[in-house]
Number of protein chains: 2
Amino acid sequence: MADVADRAGVSRALVSIVFRNQPGASRETRERVLRVADEIGYRPDSAARLLARGRSRTLGVMFTVHQTFHTDLIEGIYPEAERLGYDVLLSAAAQGRSEEKAVEALLGHRCEALILLGPDAEPAYLDELGRRAVTVSVSRRVPRARVDFVHSAESKGVRQAMDHLVELGHRGIVHIDGGRGPGSAERRRSYRAAMRRHGLEAEIRVIPGEHTEQSGIETGRLLLAERERGLPLPTAVLAGNDRCAMGVLMALTRGGVEVPRDVSVVGFDDSHLSHLMPIGLTTVRQDARLMAEYAVRFAVERLEEPQLEPREAVLDPKLVVRGTSGPPPAGDGPLVR
Amino acid sequence: MADVADRAGVSRALVSIVFRNQPGASRETRERVLRVADEIGYRPDSAARLLARGRSRTLGVMFTVHQTFHTDLIEGIYPEAERLGYDVLLSAAAQGRSEEKAVEALLGHRCEALILLGPDAEPAYLDELGRRAVTVSVSRRVPRARVDFVHSAESKGVRQAMDHLVELGHRGIVHIDGGRGPGSAERRRSYRAAMRRHGLEAEIRVIPGEHTEQSGIETGRLLLAERERGLPLPTAVLAGNDRCAMGVLMALTRGGVEVPRDVSVVGFDDSHLSHLMPIGLTTVRQDARLMAEYAVRFAVERLEEPQLEPREAVLDPKLVVRGTSGPPPAGDGPLVR
DNA sequence: GCGCTCTACTAGCGCGCTCTAGTTCGAGTA
DNA sequence: TACTCGAACTAGAGCGCGCTAGTAGAGCGC
């Protein structure tokens, strides 16, 4: 910076003004400074800048690698952050790299706010984070913690999916839940409520699972094994999310079960995975872009008005009917309603 | 920091020593300092630290959101970087966020080295980057640019895939290429060479495409449309990568073509997508973990010995036969060899 | 001529840390 | 006793910026 100032024949302060695009420099000086800077390859050092001004204007985003819905969210976070003049730093949780580690990395790099995509940490830890920095949790509700919250009205999504299946004539609808996964508890509750509402209380069955393909595969195998032992297959499966639905599909198809002829499968998320299935996955669509925008806005607004209380945004999901749902096999014909 | 020093009854320098875990402080002082720091919630400011020591020990990773193979790579980058004592910052290219922007963000955050996953930028730009910071390109060869390079021996992978198909009896094998995508040029060349080697020169057909599901879907539709017009379907498709293969699969299956009975499909990457297909995708496996390790090591070694010349690592890929490849339909029986 | 304002610019402190070149002190050594 | 030495600790410069409080000088009205 001093070099630039010398060569341009001005003071360092002036160079600073030019680079911050602030008033106080004439047009020609501005141009001269920029030209000189370009010549000697000067770029402002963000560490020093950050140190000097005390603010980083950086949002830290924690996500889980391989969680496809997260990449959909990330794609929405960037433009909104840029619009509001904030930088984005990404940190992934992965195998061998815990969420805490990922978050510490963000904090260490001076992120002013944290946007956590489907965090799986203890509420106590999240609350602590929320007190240390502005924190937004996406998809995972954190009761009584000082964090903003953006999620879908899971119950509405599940209800739509269940109504769709019941209308097609399904009765034996099982739910693979997402364990501790974000939104799982509510989805599970809503599944039970829907079954009761449709008079299918006796058919309720929740199979423990998680939000991974592997979990779907295991459940698929479990169902096939049950069939071996003479038990009937369910006619429809409501999976915890799209990844799990994909796993079920794979396992069932490999086992000679045809979807949707023999079994219907419905996912949740409408991550871009859903389009890829040869027959298209019927799923509950969450609007990733909108969720991302809310998350960024919540974070930024609370950064700029610290007295603001954390808020909650609940977005309406929408069932998207594609190829994996259809009427149940003959003998389980449509309900007469 | 001064607060901690005061309360612990030592100098700031001592606090610094303790936090850097350096010799020069007694056991009890160390404990006392850490305890006090914990009490008042002190955490070292990385911006200042960075500024003071002049080095960030941070690797910047640019990847493309939705490129599933990249997330496989990222998962491998973290542990290796941690092992070598480096931090990792992620920056995604996405729709509306160019690679250049993603890279500038990393540079702005003082990354010492760049690891670019399948960059799509001009060689001239990459060379410029290579001169500005230690740069490693993964998957994309950049001739004559000052960057390290980690990739697979594409030709070996393609050759294995082609041998496999030919042995099954296929003759009408088309290749959907990856356009400007990483590795595409070499895969295309190798496809042509393999066809010639097997005496199938007359059957050579390269369909332009890219490394996305959409491209696969379009190609699948194109093939179906040709069949409508009375042209024969190819008996096998070698896709540019797994995503493209998924797209082809989807389009063909929707069009009533059964895989692998009517057409065999082979992908490239073995990203975790490949396992998800109901019947498992036959594909050429690239070892993401190993590639990630090489990339990190190249970067770190050149940071620590700047006189080192950029290097190249070529890893052997391996065909993984799963469910999407099989003998061609009757009439195209196995070759007598 | 004077004071006033406005634009263009500058001096220099401080952000929170690291690091070099010390000092202090007690134990070991000749 | 006088010294050396190492462990434990400290003073203070400096990293590259932003920012506040200022100055210089041009233009203007009276």
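Here the structure is a predicted model, which means the values were calculated and not measured. Sequence lines set the chain letters: A, B, ... in the order given, protein chains first and strands last, and positions in each chain run from 1.
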* Asked: So, are A:Arg97 and B:Glu80 salt-bridged, with charged N and O less than 4.0 Å apart?
  -> no

* Asked: Is A:Asp120 paired with A:Arg140 through a side-chain N to carboxylate O contact shorter than 4.0 Å?
  -> yes

* Check the pair B:Phe149 / B:Phe298 against ring-ring contact (aromatic ring centres under 6.0 Å, His included), numbers first and verdict last. => CA-CA 9 Å; B:Phe149 181 38; B:Phe298 279 0; 9.7 Å; no

* **Listed nucleotide nearest any side-chain atom of B:Ser11, set D:dC17, C:dC17, D:dA11** => D:dA11

* **Integer-rounded Å distance: C:dC17 C1' and B:Arg43 CZ** => 15 Å

* **Listed nucleotide nearest any side-chain atom of B:Asp45, set D:dA11, C:dG16, C:dC19** => C:dG16

* Pairwise 5' ranking along DNA chain D for B:Ala48 and B:Arg30, keeping only the more 5' one -> B:Arg30

* Asked: Can you tell me how far CG of B:Asp45 sits from NE2 of A:His109, rounded to the nearest 0.5 angstrom?
  -> 11.5 Å

* Structure fact -> In this structure, OG of B:Ser46 is separated from CG of B:Leu51 (nearest 0.5 Å) by 11.0 Å

* To do: Using atom CG of A:Leu51 as one end and atom P of D:dG18 as the other, report the distance to the nearest whole Å.
  => 11 Å

* Structure fact -> From CE of A:Met1 across to P of D:dG14 the rounded distance in Å is 18 Å

* **Gap between atoms CZ and P, on A:Arg53 and D:dG16 respectively (whole Å)** => 17 Å

* Asked: Would you say the side-chain atoms of B:Ser91 pair up with the backbone N or O of B:Ala102, donor to acceptor, closer than 3.5 Å?
  -> yes

* To do: State plainly whether the residues B:Glu186 and B:Arg141 are in salt-bridge range, i.e. N to O under 4.0 Å.
  => yes

* Within residues 12-29 of chain B: residues closer than 4.0 Å to DNA chain D (heavy atoms) -> B:Arg12, B:Ala13, B:Leu14, B:Gly24, B:Ala25, B:Ser26, B:Thr29

* Paired and unpaired positions of DNA chain D as dot-bracket, Watson-Crick or G-U wobble under 3.5 Å, | denoting a partner strand -> ||||||||||||||||||||||||||||||

* To do: Could you check whether B:Arg55 gets within reach of a base, just the sugar-phosphate, or nothing at all, counting any heavy atom under 4.0 Å?
  => nothing

* **A:Asp72 (side chain) donor-acceptor with A:Ala288 (main chain) under 3.5 angstrom** => no

* Asked: Taking NZ, NE, NH1 and NH2 as the nitrogens, is one of them in B:Arg32 or B:Glu28 under 4.0 Å from a carboxylate oxygen of the other?
  -> no

* To do: In whole angstrom, give the distance that lies between atom CZ of B:Arg49 and atom P of C:dC15.
  => 19 Å

